[in-house]
Amino acid sequence: MVVARHSRGELEAGFAVCCAGAWADRLAVSAGADPDPRIVPFRGAYLTLRSDRRELVRALILPRARPRTALPRVHLSRHIDGEVSVGPTALMAGARDAYSLRRIRPRDLAQTLAWPGTWRMARRWWRTGATEIGHAVSRRSLARAAAGYVPEIRPGDLEHGFAGVRAQALGRDGRLVDDFVISDTERALHVRNAPSPAATSSLAIARLIADRVEERLRP
Ligand SMILES: Cc1cc2nc3c(=O)[nH]c(=O)nc-3n(C[C@H](O)[C@H](O)[C@H](O)COP(=O)(O)OP(=O)(O)OC[C@H]3O[C@@H](n4cnc5c(N)ncnc54)[C@H](O)[C@@H]3O)c2cc1C
């Protein structure tokens, strides 16, 4: 029997499917799964194009994926209300809910720093990391990256946007895991890494998970 404790009480079940995003590794490890990979939070901030400059971007503009890293590259997205976002940045964060830049949770930070993969990744990708810090602290740097696709874009065209936290699965060997990771424990299935485009593919992923659960529960 699995007992899920939540803010309104408890729920008992014969089997559980855990989809805890940035906290997925913690739940999986507490249920007995391998600690590899660990979730390391990356804050992704977007700026938006000033409304009088939106006509510069009339479609999604996406670069090719960066070889061998799962980190997203700066892209331009036209949303259904006409707003155009530019980003994201990718800054390693001090908390799994670092929606504000200043948020630090000692437990999250300690787990990131104690993970051997963090240091292996840093050694391998320090140049990319330096570029990403530049994008995060300097509007001019982000505008320059956007101007690689739309040369008319200037720093003054960008204004305040929004931010999210990417749950980046990081292997012990320093590999930024870019594929789905699903772990089995005795009475649960854990979605440990569902990287972009997981939101887009959510129905297909749900089918895959349902099939796996059915297989586990077959007598
Ligand atoms: C800035 C940004 C932009 C993105 N853009 C896109 C995009 O354009 N297209 C795309 O396909 N994907 C995009 N993604 C990726 C997409 O958001 C993720 O791949 C997807 O949300 C992962 O789904 P998930 O269910 O694994 O985790 P989440 O969506 O993070 O869901 C996990 C849920 O579990 C809850 N939870 C955690 N721990 C517990 C606990 N102990 N008890 C109870 N509840 C718990 C959390 O509060 C959360 O609601 C983007 C991500 C970011 C950060």
Side-chain angles (χ1 to χ4, degrees), residues 2-13 16-33 37-48 57 59-66 69-81 83-101 103 105 107-108 111 132 135-136 142 145-146 160-170 176-183 185 187-210 212-213:
V2 182
V3 181
R5 291 196 184 86
H6 51 81
S7 53
R8 293 196 205 148
E10 285 185 3
L11 194 72
E12 290 183 355
V17 177
C18 302
C19 307
W23 290 267
D25 58 339
R26 253 182 221 170
L27 278 187
V29 171
S30 68
R38 177 160 294 181
I39 297 293
V40 171
F42 277 83
R43 187 170 184 276
Y46 292 82
L47 296 177
T48 54
V57 178
L60 295 175
I61 303 178
L62 291 156
R64 274 192 312 161
R66 218 184 322 232
T69 96
L71 293 182
R73 296 177 75 177
V74 170
H75 53 268
L76 298 103
S77 307
R78 190 177 175 95
H79 298 253
I80 51 174
D81 61 357
E83 186 181 71
V84 175
S85 58
V86 178
T89 58
L91 196 62
M92 196 186 275
R96 295 184 186 213
D97 57 346
Y99 299 108
S100 128
L101 254 183
R103 168 151 290 171
R105 291 190 187 273
R107 182 178 174 198
D108 290 350
Q111 286 197 334
E132 291 300 339
H135 290 346
L142 196 63
H160 187 69
F162 52 93
V165 180
R166 185 185 171 88
Q168 177 62 55
L170 182 60
L176 293 156
V177 183
D178 63 357
D179 204 353
F180 295 88
V181 178
I182 298 177
S183 292
T185 55
R187 291 197 174 277
L189 189 132
H190 300 263
V191 178
R192 304 265 307 253
N193 192 40
S196 188
T200 313
S201 333
S202 53
L203 293 179
I205 297 167
R207 180 168 306 220
L208 179 107
I209 292 168
R212 265 182 76 158
V213 172

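Counting starts at 1 for both ligands and their atoms, in listed order. FYI, the numbering just counts along the sequence from 1.
- With respect to atom 37 (C) of ligand 1, the closest heavy atom belonging to the protein is A20 O, 3.2 Å.
- Between P88 and H75 there is a side-chain heavy-atom pair separated by less than 4.5 Å.
- One distance of note links CD of Q168 with CD1 of I39; it measures 7.5 Å at 0.5 Å rounding.
- The nearest protein heavy atom to atom 30 (O) of ligand 1 is closer than 4.0 Å.
- Look at Y46 and you'll find a heavy atom under 4.0 Å from some atom of ligand 1.
- Protein heavy atoms all stay at least 4.0 Å away from atom 42 (N) of ligand 1.
- The heavy atom nearest to atom 19 (O) of ligand 1, considering only G21, P197, A194, A90, is found in A194.
- Atoms of ligand 1 found under 4.0 Å from any heavy atom of A199 (numbered from 1 in listed order, with element): 10 (C), 11 (O), 12 (N).
- Residue R212 places its CZ atom among more than 12 non-hydrogen atoms of other residues, nucleotides or ligands, all under 6.0 Å distant.
- For atom 8 (O) of ligand 1, no protein non-hydrogen atom is found at a distance below 4.0 Å.
- Looking only at heavy atoms of the protein, atom 40 (C) of ligand 1 is closest to L27 CD1, 4.5 Å.
- Ranking the protein heavy atoms by distance from atom 53 (C) of ligand 1 puts V165 O, 3.4 Å first.
- When all heavy atoms are compared, the tightest approach of R78 to V57 is NH1-O, 2.8 Å.
- In this structure, atom 25 (O) of ligand 1 lies nearest to the protein heavy atom C19 CB, 4.3 Å.
- Shortest contact from atom 6 (C) of ligand 1 to any protein heavy atom: S196 OG, 3.8 Å.
- Taking 4.5 Å as the limit, every side-chain heavy atom of D178 sits out of range of all side-chain heavy atoms of P195.
- Ligand 1 places these atoms under 4.0 Å from at least one heavy atom of T200: 9 (N), 10 (C), 11 (O).
- Checking atom 34 (O) of ligand 1 against the protein gives a heavy-atom contact under 4.0 Å.
- With respect to the salt-bridge test (charged N to carboxylate O, under 4.0 angstrom), the residues D108 and R103 do not qualify.
- In terms of protein heavy atoms, atom 47 (O) of ligand 1 is closest to W23 CZ3, 4.7 Å.
- Within the 4.0 angstrom cut-off, atom 1 (C) of ligand 1 has one or more protein heavy-atom neighbours.
- Counting only heavy atoms from C-beta outward, the side chains of L91 and E132 never approach each other to under 4.5 Å.
- Heavy-atom contacts of R166 reach the following atoms of ligand 1: 53 (C) (cutoff under 4.0 Å).
- A heavy-atom distance below 4.5 Å is not found between the side chains of V29 and R38.
- When side chains are defined from C-beta on, L142 does not count as touching Y46, because their heavy atoms never get closer than 4.5 Å.
- For atom 22 (C) of ligand 1, the nearest protein heavy atom is under 4.0 Å away.
- Within a 4.0 Å radius of atom 13 (C) of ligand 1, the protein has at least one heavy atom.
- Residue S77 does not touch ligand 1, judged by heavy-atom distances below 4.0 Å.
- Side-chain atoms of V86 and T48, non-hydrogen and from C-beta on, never get closer than 4.5 Å to each other.
- At least one protein heavy atom sits closer than 4.0 Å to atom 27 (O) of ligand 1.
- H190 approaches T185 most closely through the heavy-atom pair NE2-OG1, 3.0 Å.
- Annotation for H160: atom NE2 does not count as buried by contact number, only 12 or fewer foreign heavy atoms lying within 6.0 Å.
- Within the structure, the closest approach of P88 to ligand 1 does not fall below 4.0 Å when heavy atoms are considered.
- Residues V181 and P37 meet the side-chain proximity criterion, which asks for heavy atoms closer than 4.5 Å.
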